Amino acid sequence: MTQLLETRGVGKTFGRVTALEQMDLVLSQGEVLGLVGQNGSGKSTLLKIIGGLVQPSSGEMLLHGKPVRLRSQSDATMHGIGMVHQEQSLVPNLTVAENIFLDKPNAAKAHGLYRWNRLFDAAAAQLRKIEIDIDPRATVEDLRFAQRQQVELAKVLAVEDLVSHPPIILFDEPTSVLTPDEIRLLFRQIERLRQTAAIVFVSHRLDEILHISDRAVVMTDGCKVADEPVTALDRESLYRLMVGRQRTIRAPRAVETRPAESLTPRLDVTGLSTGRQVRPATLAVAPGEILGLLGVQSSGAEEFCRALFGAEDDVHGTIRLNGKQISVTSPAAAVQAGIGYLPANRHVEGMLKGRTLVENMALTFGLDYGHRGMIVNRRAERRVASEWITRLRVKTRSADARIDDLSGGNQQKVVLGKWLLSRRLQLLLLDHPTRGLDPGARDDLFAVIRSEAAKGLSVIFIADTIGEVLDLSDRVIVMRDGAMSAEYNLNRGDAPSEEDLVRAMV
Amino acid sequence: MSQSQPADDRTIQAKPGFAERRAALRRSVPLAVLILLVGLSAIIAPGTLSPAALNGFISDAAPLMILVIGSTIPILTGSIDLSVAGIASITGVMLVVLAPIFGPWTCIVVILLAILFGAFQGWLHAWLQIPSFITTLGTLSMLSGLSLLLSNATAQPLPDSDPIINLLGDTSFDIPNTGFAALALVAVLAVVMRYTRIGRDLFALGAGERAALMSGVRTVRLRSFAFAASAGCAALAGLALVSVTQFSSPTLAGNLLLLSIVGVVLGGTAISGGVGGLWAGVIGGLITAWLRVATVLIGVKPTGQYIVFGIMALIAVFLTTDRTKIGIIK
Amino acid sequence: MKLISATVAVRSAREPDGGVAQHLRRWLQSLGPLAVLIVLLLVFEIARHNFLTGGNLAAIAESAAVPVILTTGLSFVILLGAIDLSMEGVMAASSMTLSLLCANDVNGNHWGVWGIAAAIGVGLAFGLVNGVLNTILRMPSLIVTLGTWFIGLGIASILFPAQVPTVRDPWVLGIAAYHIAGLSLIVFVALLLLLLFHLLLHYTHLGRMIFAVGGAEATLVMTGLPVPLFKIAAFVISGLLAGIAGVLLSARLGDGNANIGDGLLFPAVSACVLGGTLLSGGRGGVLQSAIGAVVLEVLNNGLIQIGAGPYVRNIISGAVILLVVAASGLHLRRKLRVVK
Amino acid sequence: PAKAAPKGSLIIGIDETASEYWAEYTQGAQDIANSLNAKLIVVTSNYQGSQLLAQLGAIFATGCDQCALATDPSSNAFVKAVVHRSAMAEVPIVTIWNRPETIHPWDTDPKYWVAHTSFDGVMSGYYQAQALCKALGGHGQIAAIEGVPSTPPAYQRIAGLKKALAECPGVTLLDTEVGDWQETKAQDIARTWIARYGSKLNGIFASNDAMARGAVAALREKNLNGKIPVTGSDGSKVALDMVKSGDMLVTVWNDPVLQGAVSIAIAHAAAVGDIDPAKLSHAQRDFYLKQEVVDKSNVDHFLELKAHAPVYTYAELKADFWKDSAGQIPVGANK
Ligand SMILES: Nc1ncnc2c1ncn2[C@@H]1O[C@H](COP(=O)(O)OP(=O)(O)OP(=O)(O)O)[C@@H](O)[C@H]1O
Ligand SMILES: Nc1ncnc2c1ncn2[C@@H]1O[C@H](COP(=O)(O)OP(=O)(O)OP(=O)(O)O)[C@@H](O)[C@H]1O
Ligand SMILES: [Mg+2]
Ligand SMILES: [Mg+2]
């Protein structure tokens, strides 16, 4: 195996935060490197340094044995380094072809003039290379999410043609937003590239790491703590290396503690449908119950939750909360009724950017801690928010830090804290709550949700993986094409196998 | 969870960090600029700080300040209200038109009408999802046409017995009452902004509208409130203006629109929303009012007044804009 | 691959269908303003039978020429998601420069074509200053261009000699006086500029990148593209075209006038939005904006023709702008849509 | 730069700087200042009354001994406030152009509002329309471009036009549009008319010279300049040139230099006690200045006057401030 890239003692500090320390890493041709670590351990920072997006504070990088300084992403591209971001980095109002060549020179746009047909042809060739059928003339924002993800991939893989030597491709949590089919496609590309390129693959799903990588590197607090071939690892050992403690196995909750059969259900939905997706759906959730919703993309699970939260247009059907019919015309109305929603897209729908943790957490229910629920009491809000920050183990410098400065997993915990802060929350809808969370943080999160449920909070939960659903839920409902296709009550020992669930989903 | 880790590395510091202290410093820049300006003018023209001069300044600055405070509120949410000067102008016209009907209550009625109008236009903008810039540009055009139509394009004397106008035009403790009106307005709005959910929601809307919406903020209602507040302030500014002129005119507030935008920005409120506040509006209004007369104070030739005003405004904005909180500057 | 199939996907709730329908809808949407234009023409023709005469259409073309140039320039800045308010000041400064440098009745200058170049250069310089202040000093464009608006007016009033400078330069006057097919050169200059800048926007790297900045500025910065240059270029184009507009208006008037741009800014902004060049950036283009400008001129001309007084005209045109913008955005209304 | 206004300063308030009219007005005031060895302070309102008020406030802030103010209050609405502000500072004031019908120097702050002076807009409009009537041989159709409607000269001049047309029944008014005193707006309006009325349009009445220039420019686009008569008012240099070249029929000579000199001189006289406002007659406190019609026959005289304006001195004017008065402003003129 030829060595392509080496980092020597690379470090990065942001103000007083050390994101990365003394990182020595070697990337070789023909190898997939799996990178794991807790939230905020510096994985993204490392990738961004290699990808030219961030300048290291110390250390050096060697490309083919020669030191390099990468000044920008396009600089890295010119050196054959491509990076797939978790958040898509396409320009929505440009065409597919332009996006593919955004960071690369091409004869079709030499001298600053566009020869559109040649550009489209070149893009079509790139798309063909990875067997994708997308019109290079299409505007990116007109594409479906999955198609956009494919364009993103095509854009990165086009660096292959740019350099004569093997390219380096970096993937930062690419799978957390993909469907099984898309993941399969991605892995096929990785398999194809494996021979000719060096690949770094970041994921919080240890199974994926074990499946696709040749070597796993574990990071903690900006340092490398392990670097081993995956053959020497299994899920448990990887988890231990990462989290530094034993994995908690789901303790099946005693059936009798569940008030599942109480007379009035917490939530009772009949004939709920949206203009877009959900066929009339009918279900009930008991107080303190955790209901898992499963379904492939466009199964309607997400629309169902958003409809319950008043965030969908054209919603029909009746919703009863604690037996009383409510009209959820807007998120505000839902909140009023005691329904909370943790969005899948926290950057846009969850966080108030540029605001502190306290401000974020106190936004919705802070007033409950005020005088007579009318007048704001900042001190009380701050105290409660701080309590939750501790309880959720948010890794932060201070409760007054800006939420933007937290790593993704910690941001998610803050957004969750906004809802848990409430004293009158009846129902919490969790839309892919573990997205981007490291396994340890996920366990923390599950523990908190379980304890809140034990106090009577009802939860509807759309999971990232089937494993999660089985881990957390009392009951699982599988959705397909906007309708419910199967139901399993886990507490009754009615545990389905993963195969059963997959069959019900597709 | 039984094996919970010691939370040593995750403890929360209570002490404000370097970043917070720097932010606090940044926030005080507009005030520093104001003090600097006042200090300079006191050196250049010592008489400017005499009580009589200050009173004159207050009575000239009050309408502008009220307008700036009002405009700040929609801007905090990331919208903009271009109709404020139009509302201020039509206020005077309505006062004359409605006086025969409502007698001593005319001012109240006019302010309520303005608030209603503002709420309606905020609703129009938020519910129909038309950009505020174009909504209020459209209503500005309609308002100016309407006030010309209603007044037949002439200046008319106010009914001289209107109690509120007389009150505003009067002085207490030798200080113009319009100054007190501005203060009272700030006090009321400050309480609303600081101690009710409205203030918090306004800032949330400016910081990230989708996130605010998904956190239960009633955006349409809130926008209506924001525009109602700015229209109400504009009407009050109009009343303050006519209490000085004693005449109404369809073009009374003329170019105060541009000055009010300058004022909002000079106070440190970000045009993109989410950053700033009422206090910023007060300071911005005062700086702008001062800039407006600065050219005369320092004796700039009349032909140079525009340029000097433009350059001074740019320098002041350069000093007072807090760029750290705004990612992309449009 | 069992374990992989065990993942469940996440999507943002609203997804475009990505099919032909989407393209069709987008295409139809861009025709909306054109439809408004046709409807207006028909309405006025029905109301007054001699509306669609060659003479009146030529009059509309003459009135629309300069607004079209202004919206073309402004569109570049609006595509960025920024705004340029300085055009009235720029036109004042460029008009004064032109009338004092070309042959005139106030001083002995007769720079001829160089005078025209200098006046356009003034516009360019304003654009450059706007762009630099906005991108390098990181000041919001709204306030920067508000400041330079005042500065432009100020330059005009400093330059203003004791009396209105009348232009005597035959070249300058010729721009307005020379007619082809009943239309002055100004109309053809406007069409030429429109075409030129349309091509620039669609067939050059610069144009496409200006378009892209409005779509995803952060992405472009991250990619390492020289975004500040693109932004400055957009402001320069806007200033340049405002400078040209100042020259053309002076040529048409035959003198230098510090109020030459009065009242042109807000209609220009409205025209852009009417045409579909949204203030949020990244949408529309110069052709769309130009249609918006023509719509406003037709409206104005038509309202004069049917004898609506100036006040009523204000009310009606405000209402029409609101109606059209509301109607054209109605199908986009969503609970979660953010419009500022 | 001097800050506190020195004793005996003359202050004038003008609407804009980039205008021939206001430059000449300033020149007249400057002549008086020179003859008195006094300082002339110029404030510019840019047609914004609130701006004028604020700037005057800044000047008065430092106190102003024996100062005098002559200003256009920018619109009727601000007259009372400007007068009052001046009175508070004990500075005698003479207003020009704008005065609401209901208030006069003798009934509003009479001690400090010395006088108001203007040009007779009705007369001006009347002269222009008469000339049009004559040029059209008593038959034809004309259209009129009005100034900013809320200003007295704007509606007065249109009133004068109507008065003249009543005496000239063969000429009818096709259309009236508001051009806001602006050249470019007038040009657009005239262009629209030419397209709409074609040969039906026989003459254009513009309420001032700037708008007349705009109308002529629009006619020039169709090579109609000189063929369709255009009238204006003010007597600006360009208008005189156009009268001479035949592009314009007539303009009305309002002498801004004289206006500047007379208005500030009267204010100064009151400031130093040369006149006592209380002893002045109504005709002396609210008067028109003379104006004259300029047509091809006498245009050379006025061009000469333009090139070599007389230099006014305070001593000279003091002999009789009202030498060039055209009489008291009649009741109802500012309605
Ligand atoms: N621009 C920045 N400013 C301040 N702190 C930063 C910045 N970027 C990263 N950090 C900090 O550096 C640390 C490492 O962050 P990084 O994003 O690399 O973690 P990660 O391993 O990718 O986490 P996750 O698993 O959540 O994606 C975190 O503590 C983060 O808060
Ligand atoms: N320009 C910036 N200024 C401040 N902080 C930044 C900046 N860019 C990134 N960060 C911070 O760096 C950290 C890493 O960002 P990144 O986008 O990699 O998210 P992440 O931790 O990987 O989360 P996710 O799992 O959602 O991807 C976050 O804490 C983010 O807030
Ligand atoms: Mg990361
Ligand atoms: Mg992450």
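Per chain, numbering begins at 1; letters A, B, ... match sequence-line order. All values derive from a computational prediction rather than experimental measurement.
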Next on the checklist: Within the structure provided, determine whether B:Thr295 and D:Gln55 are in side-chain contact (heavy-atom separation under 4.5 Å).
Outcome noted: yes
Item to check | Heavy-atom pair count under 4.5 Å with chain B, highest-scoring of D:Ser74, D:Ala58, D:Ala54, D:Ser50 | outcome: D:Ala54
Checklist entry - Between B:Ser248 and chain D, which part of the residue has a heavy atom less than 4.5 Å away: side chain, backbone, both or neither? => result backbone
Checklist entry - Which region of B:Ser151, side chain (C-beta onward) or backbone (N, CA, C, O), has a non-hydrogen atom less than 4.5 Å from a non-hydrogen atom of chain D, or is it both or neither? => result neither
Checklist entry - Out of D:Asn76, D:Ile103, D:Val79, which one pairs with B:Phe247 under the side chain to side chain contact (heavy atoms under 4.5 Å, CB included) rule? => result D:Ile103
Checklist entry - How many angstroms lie between CE in D:Met88 and CG in B:Asn55, if you round to the nearest 0.5 Å? => result 8.5 Å
Checklist entry - Checking heavy atoms, do the side chain of B:Pro157, its backbone, both or neither come under 4.5 Å from chain D? => result side chain
Checklist outcome for this item: Max heavy-atom pairs within cutoff under 4.5 Å with chain B, candidates D:Gly57, D:Ala89, D:Pro73, D:Pro100, goes to D:Pro100
Next on the checklist: Out of B:Ala61, B:Ala253, B:Ser41, B:Gly254, return the one with the most heavy atom pairs under 4.5 angstrom to chain D.
Outcome noted: B:Gly254
Checklist entry - What option among B:Pro302, B:Ser59, B:Ser249, B:Gly56 has the most heavy-atom pairs under 4.5 Å with chain D? => result B:Pro302
Checklist entry - For the residue pair B:Asp60 and D:Leu53, what are the closest heavy atoms and their distance? => result OD2-O, 3.6 Å
Checklist entry - Between D:Asn46, D:Val43, D:Thr26, D:Thr151, which residue shows the highest count of heavy-atom pairs closer than 4.5 Å to chain B? => result D:Asn46
Checklist entry - Under 4.5 Å between any side-chain heavy atoms of B:Tyr306 and D:Thr44, yes or no? => result no
